[in-house]
Number of protein chains: 2
Amino acid sequence: MSTIGNSQKGRKRRPRSHARPSAAAAALQGLRGARMTDVANLAKVSAMTVSRALRHPAIVDPETLKRIHGAIEATGYLPNRIAGSLASQRSNIVGLIVPSLRNSLFAETVKGVADTLGDAYDLLIADSGYVLDREEAAVAAFLSQRVCGIVLHNTKHTPRTRRMIQSAAIPCVETGNLVRCPIDMAASFSNHKAAYDMTAYLIGKGYKRIAFVSLPLDDNDRARERQSGYLGALKAHRRAIDRNIILESAPGLRGGAEALIELMKKRPRIDAVFLTGDVLATGALLEANRKGWRVPDDIAIAGSDDNELQEYVSPPLTSVRFPRYDIGCTAASMLLKRIDGVPSAERVVDLGFQIIPRAST
Amino acid sequence: MSTIGNSQKGRKRRPRSHARPSAAAAALQGLRGARMTDVANLAKVSAMTVSRALRHPAIVDPETLKRIHGAIEATGYLPNRIAGSLASQRSNIVGLIVPSLRNSLFAETVKGVADTLGDAYDLLIADSGYVLDREEAAVAAFLSQRVCGIVLHNTKHTPRTRRMIQSAAIPCVETGNLVRCPIDMAASFSNHKAAYDMTAYLIGKGYKRIAFVSLPLDDNDRARERQSGYLGALKAHRRAIDRNIILESAPGLRGGAEALIELMKKRPRIDAVFLTGDVLATGALLEANRKGWRVPDDIAIAGSDDNELQEYVSPPLTSVRFPRYDIGCTAASMLLKRIDGVPSAERVVDLGFQIIPRAST
DNA sequence: GCATTTTATGTTAGCGTTAACATTAGAGGG
DNA sequence: CCCTCTAATGTTAACGCTAACATAAAATGC
């Protein structure tokens, strides 16, 4: 037998009629959507060698590798990860669910996750609209898609959500709040402690009647935790709790502005207000400026979720800074470690927070 | 032959060792990750009937359907879309690439796409960091994942990006700018016309020396178009063009603030400035307030990409409003139509924009 | 120099689903 | 009462890739 390689076999018949959307262009341009065997034929190796060239190049002969890469170029081959995932029983897609895609808060965490995952993984994103059943639906969709890991911003879930993730046995990180008992893992900060510390800071500054404004509490564990932190700090410092100066507000600048107006109308004696969540504090401050109320002399305003805007308004806002980007990075790297089989050091990672005192208090 | 069904066959041997990550829990809890055949055995039908029950319930006997749904419940079966996509040669994943995940501008469009896609499709998101090669890499990754459609915010691409999408022959919508010659389709507004109109509006208001600030132009077709719109309006109104009052600025509130300071230092005679992109205009306004420059008497300020904040600052900012959410919705529905084989009405859809005059000009 | 290991590649079978075709039982028609 | 037609379900063979095992040739050891 001579050393002449196998003759080019050409593409085998494809009995199934749906095989290719046979556009005229396909016929003209030649093959569209080359498969691994096409590359293999061109490079005169078996499909398996092509697979190895892509996944474990170190164990393939450099000469062969070169031929294969040439063939990949020539055919415009793009590996089919659907087939790859099915065969190897693992995917390279991570799923991420946030309460709202609109809110730039979450965007920070998303960015951290995306940056840390890098090129090797893709990111599937869904939006629960702050509704637990929609989170459940998104989790089901992700698990159907066989994601290799899940990041959830919310930490309150339906029982079925927990059950599905646990029985899928894939890594999962919750990022919205430092929960004591995660589905699997958590990377976050304590919303309770953050609100507690900010309230204590205001008390320390000498404010006597401190109002509290947050987003609606239902299905929102973060807002709930923050309110309880505020209440805890008042109790610890033996301050009276006045339910009339604890508000749930609509989101947005307008929500914060309206909350401040309502508070000032009802209880003119309050001397400080802590607005937590979204951009409420900024809305309140802009409204105070518009009304001519002096901040902090007439009313002190403190916010949370520090951002460039809070730093740039006048007076700049006292706020709590949360390491949202880091949380995303940490969440992703916890996921990756688990996927790579590294024994998990900690299930719950506290990234902390920082009170930033500025001129508004 | 009696009517007794086949005996339960039980799960066949799985010779391949990687088949299941055999955790102790799996043994205890019973089967983990039921497959379609498991459901089929339990419901005493073939796998194909289960497949039909999920995909074309109308052609399955109601009684059978009930049994199958019972079996799905009992087994906790979640369809494996990887296998389904491979077999059916189509996926239900749409890919979306934005220049930055952090920027809440893009978040609006993302939300529009996500809302319109609904539950039937999943959304894969990547971030190009304003770098064309990263966009190309993301497109390659998406095509490997065999997405059924792509939305690109950017409208400038590497040749390979265009080629890959075109030869993959999947629908694609570009959303960042109303491009005359899209890869496939486009849904957007004209950045050129928006800047032209705003500049003309300022001229109409009687401003004589109008400065222009945008984000850096390289690889950013939007900024480029806007600058050319500004220049076009000046020319059309026979105004002199002064390159000294055309700036490229860093992003963020700080970028806008610094741009305003630089302009006022260099050319005190300017009477208006149009800052387009990101939050530049808001940064400039806040800086003017801080410096005690009266807006619009000392300097008029106009922005773009109207949002709640521009409406809430004092004085509220004149701005251009872009229908970003609608763009996302339209882009997604164009994609869906094409996926469903509806003959495409238009390849390029102009969603327009709106000049919002307020007290800052 | 021959057994043994290493290196490079090939072969086979299956991942879990679905398209296409096959089959079966019962309904309708004359 | 036989024939055709429809409705419901089953059977088979892919989809494009990769794990596991098989093989062949080259390198190594004693």
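Because the structure is a prediction, the values reported are computed rather than measured. Order of the sequence lines sets the chain letters (A, B, ...), proteins ahead of strands, with each chain counted from 1.
Separating the CD atom of Gln89(A) from the P atom of dT18(D) is a distance of 13 Å, rounded to the nearest angstrom. Following rounding to the nearest Å, Arg81(B) (CZ) and dT17(C) (P) show an atom-to-atom distance of 11 Å. One can place CG of Asn92(A) at 15 Å from C1' of dT18(D), the figure rounded to the nearest angstrom. Atom C1' of nucleotide dC15(D) and atom CG of Leu86(B) are separated by 4 Å, given to the nearest angstrom. The distance between atom CE of Met36(A) and atom P of dC15(D), rounded to the nearest whole Å, is 15 Å. Between Tyr77(A) atom OH and dC17(D) atom C1' the separation is 7 Å, expressed in whole Å. Atom P of nucleotide dT18(C) and atom CZ of Arg35(B) are separated by 14 Å, given to the nearest angstrom. Here the C1' atom of nucleotide dG16(C) and the CG atom of Asp38(B) are 11 Å apart, to the nearest Å.
Listed by first and then second residue, the ring pair (Phe, Tyr, Trp, His ring centres under 6.0 Å) pairs involving residues 113-151 of chain A amount to none (not counting sequence neighbours).
Of the possible polar contacts, one joining the Ser144(B) side chain to the Pro79(A) backbone as a donor-acceptor pair under 3.5 Å is found. For the pair Ser51(B) (side chain) and Ala47(B) (backbone), a donor-acceptor distance under 3.5 Å is absent. Between the Ser91(A) side chain and the Arg146(A) main chain, a donor and an acceptor come within less than 3.5 Å of each other.
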Q. Checking side-chain contact (heavy atoms from CB on, under 4.5 Å) for the pair Ile150(B)/Leu143(B): CA distance, chi angles, key distance, verdict?
A. CA-CA 9 Å; Ile150(B) 288 194; Leu143(B) 294 178; 4.2 Å; yes

(Q) Between Ile97(A) and Asn154(A), is the side-chain contact (heavy atoms from CB on, under 4.5 Å) condition met? List the steps. (A) CA-CA 8 Å; Ile97(A) 304 174; Asn154(A) 214 8; over 6 Å; no

**Q.** Full working for side-chain contact (heavy atoms from CB on, under 4.5 Å) between Lys156(A) and Glu135(A)
**A.** CA-CA 10 Å; Lys156(A) 198 184 165 201; Glu135(A) 182 186 74; over 6 Å; no

Q: Decide side-chain contact (heavy atoms from CB on, under 4.5 Å) for Glu174(B) and Ile183(B); before the verdict, give the C-alpha distance in whole Å, the side-chain angles of both, and the deciding distance to 0.1 Å.
A: CA-CA 8 Å; Glu174(B) 292 164 86; Ile183(B) 296 179; 3.6 Å; yes

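Under the salt bridge (charged side-chain N to carboxylate O under 4.0 Å, His left out) criterion, Lys111(A) pairs with Asp115(A), Asp127(B), not counting sequence neighbours. For Arg338(B), the salt bridge (charged side-chain N to carboxylate O under 4.0 Å, His left out) partners are Asp184(B), not counting sequence neighbours.
Proximity of Ser88(A) to the phosphate of dT18(D): no side-chain N or O atom is located under 4.0 Å from OP1 or OP2. Taking side-chain N and O atoms only, Ser51(A) has no distance below 4.0 Å to OP1 or OP2 of dC17(D).
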Kindly give the atom pairs (protein nitrogen or oxygen, nucleotide nitrogen or oxygen) under 3.5 Å for nucleotides 25-28 of chain C.
none

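Residues Thr109(B) and Val98(B) are not in side-chain contact: their nearest non-hydrogen atoms beyond the backbone lie 4.5 Å or more apart.
Ranked by how close their nearest DNA chain C nucleotide is to the 5' end, Val45(A) and Thr37(B) are led by Val45(A). Between Ile82(A) and Arg90(A), the one whose closest nucleotide on DNA chain D sits nearer the 5' end is Ile82(A).
Thr49(B) comes within 4.0 angstrom of the backbone, heavy atoms only, and of no base.
Checking dA20(D), dG10(D), dA19(C) against the side-chain heavy atoms of Arg52(A) singles out dA20(D) as nearest. Among the nucleotides dG16(C), dT18(D), dT18(C), the one closest to any side-chain atom of Met48(A) is dT18(D).
When each of Leu42(A), Asn41(A), Thr49(A) is checked for a side-chain contact (heavy atoms from CB on, under 4.5 Å) with Val45(A), only Thr49(A) meets the rule.
Fit an axis to the five pairs at each end of the helix from dG1(C)-dC30(D) to dG30(C)-dC1(D) and the two axes sit 30° apart, to the nearest 10 degrees.
The stretch residues 54-68 of chain B touches DNA chain D through Val60(B), Asp61(B), Thr64(B), each having a heavy atom within less than 4.0 Å of the strand.
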